[in-house]
Structure formats: structure tokens, C-alpha cells
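Scroll down for the structure; my scribbles are underneath it.
Chain naming here is simple, since letters A, B, ... match the order of the sequence lines and numbering starts at 1 in each.
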Protein chains: 2
Amino acid sequence: MESLKNSGNGSDSVLAALRKIMRSIDLHSKSLVKRFGLTSPQLIVLREVDAHGQVTAGEIAHAVSLSQATITGIFERLEKRGLITRKRSSDDRRRILVQPTLEATKCLAGAPPLMQESFVDAFEKLQDWEKSMILSSLQRLVSLMDAQNIDAAPFLAAESLETPINGEN
Amino acid sequence: MESLKNSGNGSDSVLAALRKIMRSIDLHSKSLVKRFGLTSPQLIVLREVDAHGQVTAGEIAHAVSLSQATITGIFERLEKRGLITRKRSSDDRRRILVQPTLEATKCLAGAPPLMQESFVDAFEKLQDWEKSMILSSLQRLVSLMDAQNIDAAPFLAAESLETPINGEN
DNA sequence: TGACATTATTTTGAACACAAACTAATAAAT
DNA sequence: ATTTATTAGTTTGTGTTCAAAATAATGTCA
């Protein structure tokens with residue numbers, strides 16, 4: 001009965017739920033680093049590096065939806081742990097090419113999942129319709145939010161006939 | 001067609017979507033602090049303080065699903081900006097009572113929404129069924145994740161008869 | 001060639017978020 | 001009454017994340 005507290009269906013409820021979810025994910029990440037030595041973002045980045053073999057920070061940043069500055073920090077820690085090597089590209093000396101070490105491959109082989117195993121299990125056991133409902137809900141949110149970041153572009157042109165876009169934003 | 005990339009429906013896709021969503025929310029928070037002076041977490045906490053009038057750090061931590069240490073940091077910044085005051089409780093001198101200042105009420109009155117206005121608008125305009133689908137999907141995820149955080153406790157008591165808990169863990 | 005712009009990465013500074021260790025005060029137990 | 005445990009809050013250390021400024025290399029245009 002408590003779930004009707006805040007006018008129930010608003011975007012505030014969405015935010016509250018999302019914050020709980022992300023907290024849970026963050027807690028798992030922090031437990032990973034103890035049991036396994038790497039946090040989730042580190043693991044995500046390392047996976048991506050391993051999948052591509054030889055990449056630049058910018059490519060990784062784009063692939064995992066993080067800023068370049070963030071990638072730099074993660075690279076630093078991965079390098080310190082001997083999981084990647086960095087060297088300047090010779091044909092464009094602005095670029096830094098990153099490569100996974102042998103350690104990295106070994107490490108990834110025994111890597112735990114990025115979310116609590118019990119969650120993964122539980123999620124996989126859901127009915128197909130529920131899994132797709134959840135996933136499509138999330139992707140709906142992604143598209144609703146992406147809209148503003150990209151925002152300027154396509155739709156607004158059409159809608160602007162009705163809603164004249166007040167500079168602002 | 002690209003959406004089938006990663007074995008498609010797994011919890012990895014869920015995580016990827018969630019990370020994009022939270023990034024978007026974080027970016028908004030960072031833009032808030034420039035236009036308005038407070039970040040989302042600060043605003044969330046301040047709202048909660050204002051709603052309760054006189055509260056302790058622990059109560060707020062529980063109400064907004066953050067650790068006490070995090071609340072301490074946020075209180076510090078809110079205090080520095082003159083939005084709350086802290087003083088020891090006289091009947092239990094461990095407690096620190098927090099109160100919103102007059103500034104705070106003024107501030108909250110003109111506070112922007114916690115998510116991009118364009119998102120809020122777009123979300124409110126969705127069909128009712130879609131809003132509830134999204135919200136209930138999120139709450140489903142919350143409950144699936146909560147399960148593990150809670151679960152540890154009750155079992156151990158029973159199991160400890162068989163497994164004498166080796167310090168470790 | 002020299003001035004300017006663009007691109008790739010790093011550095012800096014701020015905030016958030018946690019656990020673990022710590023301080024201080026209260027409560028319980030011997 | 002003294003020890004011990006619990007509770008409330010802070011401090012410390014690590015990691016994530018971003019924007020903005022700083023480096024550095026490449027490209028462009030005059």
C-alpha cells in the first residue's frame with residue numbers, strides 16, 4: 001500500500017526506482033573489487049578492449065558510453081594492475097593504442113557477471129514476455145532521454161509547428 | 001537489427017540500458033548545479049529535510065537510499081551553502097538534528113525538476129498503460145535486486161548450526 | 001612559413017558513493 | 001561501577017564520473 005505515496009506514477013517515482021537500482025549495481029561493483037580485484041566499469045572497459053584487440057581511448061569511450069576523461073582514469077588503474085599496455089601510435093602520435101595483456105585474457109576468463117548472480121539467475125528465469133517488457137521499458141527510457149541530449153535534431157523540426165521551442169535548454 | 005548484438009535479451013542488455021539512463025540523469029544533475037546551484041542528490045536530500053522539518057542523518061539516509069557517509073558529505077555542502085543547520089540533540093547527544101533554513105524553502109520553491117524537463121514532459125504525455133508498464137518494470141527490477149541484498153541475513157542464522165562460519169567472509 | 005583550427009588524450013577540480021575505521025554517547029550486562 | 005556492546009555520526013581512502021582547461025600532434029588556409 002505504501003507504493004502509492006508520491007502521486008504514484010510520476011517521473012519522480014521513475015527516478016526513485018532508478019536510483020535504487022543503480023545503487024544495487026554499484027554495491028555489487030564494490031563487492032566485485034574485493035572478490036575479484038576489478039570494479040564493474042573496469043571490467044566493462046577491459047572486456048571492450050579485449051574484444052577489439054587494439055583500440056584508442058576515444059573508441060572505448062564511445063563504445064561504453066563514458067567520457068574520455070573517465071576512460072583515462074580507468075585505463076590508469078587497469079595499467080597499474082598490468083592488464084593493459086599503452087603506447088603511442090606511430091602514424092598519428094596523438095593516439096594512444098591500448099592492448100590487453102596476457103593477464104587480461106586469463107582474468108576475463110574467470111570474470112564474474114556484472115550483476116549479482118542471483119539477479120541474473122532470477123532474471124533469466126522470468127517469462128519471456130516479462131523479460132522483453134522490462135528490456136523494452138528500459139530502452140524506451142533510453143530513447144526518451146537520448147532525445148534531449150541529441151535533441152536539436154530531427155523531430156523538433158516537425159513539432160516546432162505546434163510548439164515553438166523556447167530557446168532555453 | 002543491431003539490437004540483437006549481445007545475445008540480445010540477457011541481463012547485460014539490461015545493464016547497458018541502465019547505464020545509459022543513469023548517465024543521462026547524471027549529466028542533468030551536473031547541469032543543474034550550474035543553472036541552479038545544487039546537484040540532484042543535494043536537491044533530493046534537501047527536499048527530504050524540508051519535508052520532515054527536523055531530522056537526523058540516519059533518517060535521511062534511510063529515506064533516500066544512501067549510506068550515512070554519503071549523507072554526511074551532502075550535508076556538509078548544503079550547510080556551506082546555508083541551506084541547512086546542524087546541531088546536537090540535547091536528549092541524545094549522539095544525534096545531530098538537521099533543519100532547513102529560510103533560504104532552503106525559498107530555494108526549493110524555485111527548484112527545477114530532477115530530470116530533464118523535456119523528459120518529464122515526454123513521459124507525462126505517454127499513454128497511461130505505457131507509464132505504468134515502465135514504472136512496474138522498474139519496480140520489478142528493484143525487487144529482483146533487493147532480494148539479494150536482504151537475503152543474506154535470515155538464512156545464516158539457520159545455517160550456522162551446520163556451518164560454523166569461518167571468520168572469513 | 002606561420003596563424004588558426006581540429007582532434008586525441010591527460011590533468012584538474014568538484015561531487016558522489018561506498019566500506020572500514022574511528023569518535024563519541026548511550027545502553028546493557030556482569 | 002566497570003566493562004562491553006550498540007548506535008550515531010564523521011573521517012579516510014578508493015573509485016567513478018563529468019566539464020573545462022591544458023598538452024600535444026595533425027591538419028588547413030593564407
Side-chain donor-acceptor pairs of residues 31-41 of chain A under 3.5 Å, sequence neighbours excluded:
unit_1 : atom_1 : unit_2 : atom_2 : d
A:S31  : OG     : A:H28  : O      : 3.1
A:T39  : OG1    : A:Q42  : N      : 3.4

Q) Is it true that a side-chain atom of A:S137 and a backbone atom of A:M133 form a donor plus acceptor pair closer than 3.5 Å? A) yes
Check your understanding: Does a nitrogen or oxygen in the side chain of B:K34 sit under 4.0 Å from OP1 or OP2 of D:dA20?
Key -> yes
For B:E59, the salt bridge (Lys or Arg N to Asp or Glu O under 4.0 Å) test, sequence neighbours excluded, returns none
Counted 5' to 3', the first and last nucleotides of DNA chain C within 4.0 Å (strictly under) of a heavy-atom of chain B are C:dA15 to C:dT26
Residues 132-143 of chain B vs salt bridge (charged side-chain N to carboxylate O under 4.0 Å, His left out), sequence neighbours excluded, gives A:E130-B:R140
So, with a heavy-atom separation below 4.0 Å from DNA chain D, the residues of residues 60-67 of chain A are A:L66, A:S67
Residues joined to A:L102 in its hydrophobic cluster, side chain to side chain under 4.5 Å directly or through other members, sorted by chain and number, are none
Those residues at least two apart in sequence (or on a different chain) that pass side chain to side chain donor-acceptor pair (under 3.5 Å) with B:T72 are none
In whole angstroms, the gap separating P of D:dG15 from CG of A:L32 amounts to 14 Å
| said: What I want to check is whether an N or O donor and acceptor connect the side chain of A:K30 with the base of D:dT14 at under 3.5 Å. | reply: no
Which side-chain N or O atoms in residues 93-101 of chain B pair as donor and acceptor under 3.5 Å with protein atoms at least two apart or in another chain?
unit_1 : atom_1 : unit_2 : atom_2 : d
B:R94  : NE     : B:D92  : OD1    : 3.1
B:R94  : NH2    : B:D92  : OD2    : 3.0
B:T101 : OG1    : B:G82  : O      : 2.8
B:T101 : OG1    : B:L83  : O      : 3.3
B:T101 : OG1    : B:E103 : N      : 3.4
B:T101 : OG1    : B:A104 : N      : 3.3

_Chi angles and distances behind the side-chain contact (heavy atoms from CB on, under 4.5 Å) call for A:L18, B:L18_ = CA-CA 8 Å; A:L18 284 169; B:L18 284 170; 4.0 Å; yes
Those residues at least two apart in sequence (or on a different chain) that pass side chain to side chain contact (heavy atoms under 4.5 Å, CB included) with A:H52 are A:E48, A:V55
(request) Test A:I74 against A:I60 for side-chain contact (heavy atoms from CB on, under 4.5 Å), laying out the working first. (result) CA-CA 11 Å; A:I74 291 175; A:I60 296 293; over 6 Å; no
For B:I84 and B:F75, the nearest pair of non-hydrogen atoms, with its separation, is CD1-O, 3.5 Å
Within residues 36-53 of chain A, the residues having a heavy atom closer than 4.0 Å to DNA chain D are A:T39, A:P41, A:Q42
D:dT16 phosphate, OP1 or OP2, under 4.0 Å from B:R19 side-chain N/O: no
So the salt bridge (charged side-chain N to carboxylate O under 4.0 Å, His left out) pairs with at least one residue in residues 14-33 of chain B (sequence neighbours excluded) are B:D26-B:K30
Nucleotide by nucleotide, nucleotides 2-10 of chain D touches protein heavy atoms under 4.0 Å in the pattern (B base, S sugar-phosphate only, - none) -----BSBB
Next on the checklist: For B:S24 and B:Q116: C-alpha separation, side-chain torsions, deciding distance, then whether side-chain hydrogen bond (donor to acceptor under 3.5 Å, both in side chains) applies.
Outcome noted: CA-CA 9 Å; B:S24 171; B:Q116 296 94 324; 3.0 Å; yes
